[in-house]
Amino acid sequence: MKALAEFSARTPVLVQGASGRMGRRHTQLMRDYGTNIAAGTSLREAGGTIDGIPLFTDCLAAVRESGASASICMVPPLETRSAVEEAVAAGITLIVTIAEGVPVHDALHLRRLTRQHNVTWIGASTPGIALPGQAKLGFLPNVALAPGPVALLTKSGTLSYEVGFRLVQLGLGQSLWLGVGGDAVKGTRFAELLPLMAQHGPTEAVVLIGEVGGTEEEEFAAALAARPLGKPVLCLLAGREAKEGVAMGHAGALIYGGAGTLASKTAALTAAGAEVFATTTALVTRCAGLFGRLG
Amino acid sequence: MLLVESDGKALLRHYGIAVPEGLVISDATWAPPQAPRVVKAQVTVGGRGKAGGVALCRDAAETQAALARILGSSIKGHAVHACLVEAPATGRECYLSIMLDAGAGALRVTFIAEGGVEVESHALTPALTRLCAPDEASITAALAALTDDAAVREVGARLATLFLREELMLAEINPLFVGPCGAIAGDAKLVLDGNALHRQPGQESLLRANAALYPDALRKLDEGFDYVELDPKGSIGLITTGAGLSMMLVDELTARGAHPINFLDIRTGQLRGSPARLIRVLEWLSEHPSLRVLFVNIFAGITDQREFAQLLAAALQAQPCGGVPVVARLVGNGSEEARAWLAAARPDIAIFEDLEPSIARVAEYAA
């Protein structure tokens, strides 16, 4: 978590898979936003550059030449495992992976590997992380990003865009935006972000966007109950109507026989002192109210 | 995704785990043998025993009656097209499972010497369950700490191989019958990882052989995006992108008494200038006579809404879904121009920037 706490617009960033269709576009978007893109990897175009950013065949060379300490990995899902292994071996300490559809056994392997090496891994499939107004790693759309007091922690990309956008319309920006992703097994879980939230000066309130499936919201609730944050926590949970046994777009959004239901999550979060909302409008209105804005 | 029991047992057998002799029957007029049989609905949902999907039959007449009752019925919203008819196994009923423990970032091996339907009532003490690393040696060692029964350990070792090679999320045998002749799997609950299907060709064939049971998974494999049918008699067709926002929309519409036919994460970033994917979805939606309104909700962070608006218009021209009203909420990159363009091209479409009024309009049309 140290690498995440220290991430800033100065952090030199490596883009893995920088010359692909997505990689190229988002490398430019991230740099335009303020991210310090120091290098890229590309099998096809190694030795060349994209907008002056040097491209290397492998992470080790890229890290050696550029001093990159964070990586945004834009490779396809079945290549994510080897790309993260390579980044870890090259000494990267913060890795963000965006591919949707990383096999869960790969994710399990990577979770164990990154923890063993004290590497912070955000993913498998995250929309990204951002320090609004400073830097971002991933897809987060500028229209929904603005500096402010609300930390946005989310499984979903699009639902967080909607919430972020509507808060920004009301003049409320974010202190930190962190997509943990919708996978069953992932690099960083909601509960693991609580210590960072507690010591994060710019964060005055936390908005957590969860969804049906798994036990991550329940774990967060247990950690929150054990160590209250002293800052309001507002939650929006999606998937009340999800079909049992079917992954609703996110591999993690899967319910079997009552485990991972919204009822269980709502009860745990409420008991831990968080407020849980059933609609985006209700959450946005309450959040605006907390800061004296008109919702 | 959860495999039906007969497919799960086919995998168990392939890895050398004994299962009872059985047949998959979809014809209620089939003449059963004059012997005790267990009849079990083959559905991709858990808890079927408590929902009336399992019958213990003493003779052919009872088996026939059970088949007549269960075939064609519905278990937790899943139509029963087939039943597994098995010779009953005997022995002590145990519980054995290997699962991913996402929170712990490890595997969890569980063995309970008294299994059966009431297994949930056991408090999972360390004497019954162990976390371990995702490799065969660790799984075998974890199980060895839970039981010294040689037959169970043997099944556990084979289940470990299966779990790792097939990249499962859950492999559960409940009951596992343990008797003097060894251990035999009375049931099989195997959950596949949909994301691993691309490198598990055997699993793909298994799903295709029973395509009617796995429509959502096969559709994702074939089309590259998520479309889940929620209510075939619903009135709202959703054209949406993003899993979280789409789920939330379904929740909010349902809370207002409206009924979406589908969940959709179409992934606008992958359309690549072609309306083909949109047309596919409109075709599926048009097959529902109950469709009353199409609701397009696209929050585009990166995708250019101007391009999307043109693709939408082209798709609606190709497949107008019987001319039902369309409500489109477009926000994000280039959306102001996109809305203006769409308003001029299709004045009949109700166009919105904000979500709330668009939901209200859809609910009006659906009512």
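Every chain is numbered from 1, with letters handed out A, B, ... down the list of sequences. Only a predicted model underlies this, so the values are computations on that prediction, with no experimental measurement involved.
Within the 4.5 angstrom heavy-atom criterion, only side-chain atoms of B:Arg272, from C-beta onward, approach chain A. Interface remark: A:Arg115 contributes no atoms to any contact with chain B (heavy atom separation under 4.5 Å). Residue B:Glu252 touches chain A through its side chain alone, counting heavy-atom pairs closer than 4.5 Å. Neither the backbone nor the side chain of A:Glu192 comes within contact range of chain B; no heavy atoms are under 4.5 Å apart. Contacts between A:Thr215 and chain B at a heavy-atom distance below 4.5 Å are absent for every atom of the residue. The contact between A:Thr280 and chain B is made by backbone and side chain atoms together, counting heavy-atom distances below 4.5 Å. Proximity to chain B (any heavy atom under 4.5 Å) is restricted, for A:Leu236, to the side chain, taken from C-beta onward. Looking at B:Asp354, only its side chain comes within 4.5 Å of chain A, counting heavy atoms on both sides. Looking at A:Leu237, only its backbone comes within 4.5 Å of chain B, counting heavy atoms on both sides. Of the two parts of B:Ala217, neither the backbone nor the side chain holds a non-hydrogen atom closer than 4.5 Å to a non-hydrogen atom of chain A. In this structure, the portions of B:Phe163 lying under 4.5 Å from any heavy atom of chain A include both its backbone and its side chain. Contacts between A:Arg240 and chain B at a heavy-atom distance below 4.5 Å involve backbone atoms as well as side-chain atoms. Proximity to chain A involves both the backbone and the side chain of B:Ala133, based on heavy atoms less than 4.5 angstrom apart. If you measure heavy-atom distances from A:Ala278 to chain B, the contacts under 4.5 Å come from the backbone alone. Looking at A:Glu162, both its backbone and its side chain come within 4.5 Å of chain B, counting heavy atoms on both sides. Neither the backbone nor the side chain of B:Leu197 comes within less than 4.5 Å of any heavy atom in chain A.
B:Glu336 CD: 12 or fewer foreign heavy atoms inside a 6.0 Å radius.
Ring pair B:Phe299/A:Tyr161 is tilted by interplanar angle, where 30° to 60° counts as tilted.
Under the side-chain hydrogen bond (donor to acceptor under 3.5 Å, both in side chains) criterion, B:Ser246 pairs with B:Thr240, not counting sequence neighbours. Looking at residues two or more places apart in sequence or on another chain, you find no salt bridge (Lys or Arg N to Asp or Glu O under 4.0 Å) involving B:Arg361.
Chain B forms more heavy-atom pairs under 4.5 Å with one residue of A:Gln169, A:Arg111, A:Arg189 than with any other, namely A:Arg189. For the options A:Val102, A:Val163, A:Val143, heavy-atom pairs under 4.5 Å to chain B are most numerous at A:Val102. Note on A:Thr154, A:Val185, A:Leu78, A:Leu108: by heavy-atom pairs under 4.5 Å with chain B, the leading option is A:Leu108. With chain B as the partner, the residue from A:Arg112, A:Arg166, A:Glu219, A:Glu216 showing the most heavy-atom pairs under 4.5 Å is A:Arg112. Taking A:Leu262, A:Asn142, A:Leu140, A:Asp106 one by one and counting their heavy-atom pairs under 4.5 Å with chain B, the maximum is reached by A:Asp106. Of the listed residues A:Met22, A:His109, A:Arg25, the one with more heavy-atom pairs under 4.5 angstrom with chain B than any other is A:Arg25. Of all the listed residues (B:Pro134, B:Gly194, B:Ala196), the one sharing the greatest number of non-hydrogen pairs under 4.5 Å with chain A is B:Pro134.
In this structure, A:Thr281 OG1 and B:Glu356 CD are separated by 3.0 Å, a value rounded to the nearest 0.5 Å. To the nearest 0.5 Å, atom OG of residue A:Ser156 and atom CE of residue B:Met247 are 7.0 Å apart.
Heavy-atom minimum distance, B:Leu168 versus A:His105: O-NE2, 2.6 Å. The two residues A:Ala238 and B:Gly244 make their nearest non-hydrogen contact at CB-O, 3.9 Å. Heavy-atom minimum distance, B:Met169 versus A:Val104: CG-CG1, 3.8 Å. Minimum heavy-atom separation, B:Gly269 to A:Arg21: O-NH2, 3.5 Å.
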Does the side-chain contact (heavy atoms from CB on, under 4.5 Å) test come out yes or no for B:Gln270 and A:Glu100, once each step is laid out?
CA-CA 12 Å; B:Gln270 298 173 1; A:Glu100 266 190 82; 5.7 Å; no
